[in-house]
Amino acid sequence: FLGLYNFVATKIEVLNTETNQYETFNLVGEGELPFTESDPKALDNYDIDNINMWLYLKDKFNISNEAWHEIAIKANGLPNTYSIKKRINELNSKWNLKPTPGDAEGVQLGFAESLQEHIVRLQKNGEINDGEAIKIKLSGDGTNIGKRLTVVNFTFTILNEKDVAMAEKGNYVLAVIKTTETYHNLRDSLADLQMEMSNLKEISANNCTYKIEYFLGGDLKFLALVCGLGRANEDYACVWCKCPREQWWDTSKTWSINDPKFGARTVTEIARFSTGRKLNCKAQPLFDFIPMDLVIIDILHFFLRISDVLINLFTRKKTSDRFPRDKYKHMACYEEFIKSMGITFNFRINKESKKLEYRDLTEPEKLKLFQNIKILTYACQNKDIQVIWAKFMDIIGDLRLDFTSEEGILELQRNSKSWFEHFLKVYQAKDVTPYMHALCYHVPEFLSLYQNIAYYTQQGLEKYNNRASKDFFRST
């Protein structure tokens, strides 16, 4: 035990019950043990980097403190357990972690403190100018870590960083909550952060003051929750407008994200309608200081969810208790093509439901699939389906570009409408989803306002979720 904390026993004092006197036994002779200064010198950068490297390896390979103590005794040059624990405490002290409010277990950082730290960094690197508005995108996403643990990660990105804001390292964590992704859980657990942000309109650092402009990003489930709206299978599921489900397919209509005359939602209206559960309004928006035209669609989930629909429609007709591949040749070709790309995939029949089952592809797998559109050349003889898949990938590629002219936005709008019409030629109006509705009606309007919506992507947060899961299982 003493060795774990760099202590050495030098003597033992015992009580002699016959004489009732204390006797001392010296374990170390005088001069045998070299003593160090009571206040050791501070570690230099090399020593700190060395301890950080060993600490990283210790955590990466899940080495316990007891095992590390034994290894450090036998090996030369390894920091002892006491030094490792001291460094861990130093690193932890850099973050002022506090418990989140509500019943759910969670931790949070102060938003103003965290933002100020990043602004100082941007000032030092010359990446921000005095008086420039700081654009903050708030995001959240629930993720399953193992089978029984669900957490919600709540982050912010500084959109002024552009490419960095799209990556994992540009997503700065504000709260990690051990709970499911529901309105009441988010409302209770994010109450402190919501209050802090609603009162923080500007921030100062090094005698420079910056105004703060807030945005909301996320998949449609998260955006609907924090905006006080119901689920995507409701009649009025669109986050930005009040278009009813039966009119999602009608391209002759006009719907807007910021013009109430064309059905645009407002924060005030959602709060008012929520008392009567009108037009899918269920509750008060959590971040009611963020207007609805600053709630931005995410092109990552835009791709994932529409590709899910296209794949499901391609394979949905098989419902018998057998799957003869010579009869369903297009699906057999689809299966073989996916396997040829090194992806594990099989169609199978559920013995109880008699329905076809197959696993969902991951994001990289879907991207690889849709980048190889030639699959449809021999997997499907329907030319319209080939056009649907090919045009969809063209649109996804275009959405990563800057749209600095009205002409470019109009061209994208025409391409989106053409894709939508091809989709409706092959499939039914009931197959149209909120993401497809948003593509046709709202994406061009977003581009008119912000030129590039790729900077608002959730890809960085999704990568953070994946890393958090790995860190959980590798942690000590």
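Values reported hereafter were calculated over all heavy atoms of this structure, with side chains retained and with hydrogens, waters and symmetry mates removed. Throughout, residue positions are numbered sequentially from 1 according to the sequence presented.
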Which heavy atom of [X] sits nearest a heavy atom of [Y], and at what distance?
X	Y	value
Gly218	Asp298	O-CB, 3.5 Å
Ile296	Tyr450	CD1-CE1, 3.4 Å
Leu220	Pro434	CD1-CB, 3.8 Å
Asn153	Leu461	CB-CD1, 4.4 Å
Ile84	Pro79	CD1-CG, 4.0 Å
Cys227	Val239	SG-CG1, 4.4 Å

Kindly indicate whether the side chain of [X], heavy atoms from C-beta on, has any atom under 4.5 Å from the side chain of [Y].
X	Y	value
Lys339	Asn346	yes
Leu193	Phe287	no
Ile158	Leu115	yes
Tyr183	Leu286	yes
Tyr22	Val14	no
Thr143	Thr150	no
Phe215	Tyr455	no
Ile396	Phe302	yes

From [X] [atom1] over to [Y] [atom2], what is the distance, rounded to the nearest 0.5 angstrom?
X	Y	atom1	atom2	value
Leu367	Leu361	CG	CG	11.5 Å
Ile145	Asn465	CD1	CG	8.0 Å
Thr155	Asp141	OG1	CG	9.0 Å

Candidate pair Glu462 and Arg467, rule salt bridge (Lys or Arg N to Asp or Glu O under 4.0 Å), full reasoning: CA-CA 9 Å; Glu462 291 293 331; Arg467 184 168 64 85; over 6 Å; no

Check against salt bridge (Lys or Arg N to Asp or Glu O under 4.0 Å), Lys211 and Glu202: CA-CA 4 Å; Lys211 290 185 177 180; Glu202 58 182 31; over 6 Å; no

Whether the side chain of [X] engages the backbone of [Y] through a donor-acceptor N/O pair (distance < 3.5 Å, no angle test) should be reported.
X	Y	result
Ser189	Leu186	no
Ser114	Phe111	no
Thr457	Gln459	yes
Trp419	Ile388	yes
Arg265	Cys238	yes
Glu445	Ile257	yes
Ser307	Phe303	yes

Asn52/Ile48 under side chain to side chain contact (heavy atoms under 4.5 Å, CB included): CA gap, chis, key distance, verdict: CA-CA 6 Å; Asn52 287 343; Ile48 293 174; 3.6 Å; yes

Is any NZ, NE, NH1 or NH2 atom of the basic residue among [X] and [Y] found under 4.0 Å from an Asp or Glu carboxylate oxygen of the other?
X	Y	answer
Lys368	Glu363	no
Lys366	Asp360	no
Lys391	Asp394	no
Arg359	Glu365	yes

Donor-acceptor pair between [X] and [Y] side chains, under 3.5 angstrom:
X	Y	value
Lys463	Asn171	no
Glu23	Asn16	yes
Asn452	Lys162	no
Gln458	Lys137	yes
Tyr210	Gln116	no

Centroid separation Phe289 to Tyr214 less than 6.0 Å: yes

Trp68 and Phe61 aromatic centres sub-6.0 Å: no

Ring geometry between Tyr358 and Phe347 (parallel below 30°, tilted from 30 to 60°, perpendicular above 60°): perpendicular

Taking only residues at least two apart or on different chains, which pairs with a member in [range] satisfy side chain to side chain donor-acceptor pair (under 3.5 Å)?
range	value
residues 190-201	Gln108-Asp192
residues 282-291	Gln284-Asp288
residues 98-107	none

Sequence neighbours excluded - ring pair (Phe, Tyr, Trp, His ring centres under 6.0 Å) pairs with any residue from residues 158-182: His118-Tyr172, Phe156-Tyr172

Derivation and outcome, side-chain hydrogen bond (donor to acceptor under 3.5 Å, both in side chains), residues Gln451 and Asp402: CA-CA 6 Å; Gln451 285 76 55; Asp402 289 324; over 6 Å; no

Steps toward side-chain hydrogen bond (donor to acceptor under 3.5 Å, both in side chains) verdict (Thr209, Ser204): CA-CA 4 Å; Thr209 301; Ser204 298; 3.0 Å; yes

Check against side chain to side chain contact (heavy atoms under 4.5 Å, CB included), Ile338 and Ile343: CA-CA 6 Å; Ile338 293 179; Ile343 300 172; 3.6 Å; yes

Contacts under 3.5 angstrom, residues 175-182 side chains, donor-acceptor by atom type, not counting sequence neighbours:
unit_1: Thr179; atom_1: OG1; unit_2: Asn185; atom_2: ND2; d: 2.9
unit_1: Thr180; atom_1: OG1; unit_2: Asn185; atom_2: ND2; d: 3.1
unit_1: Glu181; atom_1: OE1; unit_2: Gly142; atom_2: N; d: 3.2
unit_1: Thr182; atom_1: OG1; unit_2: Asn185; atom_2: N; d: 3.3
unit_1: Thr182; atom_1: OG1; unit_2: Asn185; atom_2: ND2; d: 2.9

Step-by-step side chain to side chain contact (heavy atoms under 4.5 Å, CB included) determination, Val173 to Leu109: CA-CA 8 Å; Val173 180; Leu109 288 170; 5.8 Å; no

Output a table of donor-acceptor pairs, distance under 3.5 Å, between side-chain atoms of residues 127-136 and any protein atom two or more places apart or on a different chain; print 'none' if there are none.
unit_1: Glu127; atom_1: OE2; unit_2: Asn125; atom_2: ND2; d: 3.4
unit_1: Glu132; atom_1: OE1; unit_2: Asn129; atom_2: N; d: 3.0
unit_1: Glu132; atom_1: OE2; unit_2: Asn160; atom_2: ND2; d: 3.0

Evaluation steps, side chain to side chain contact (heavy atoms under 4.5 Å, CB included), between Ile290 and Leu138: CA-CA 10 Å; Ile290 303 179; Leu138 306 175; 4.1 Å; yes

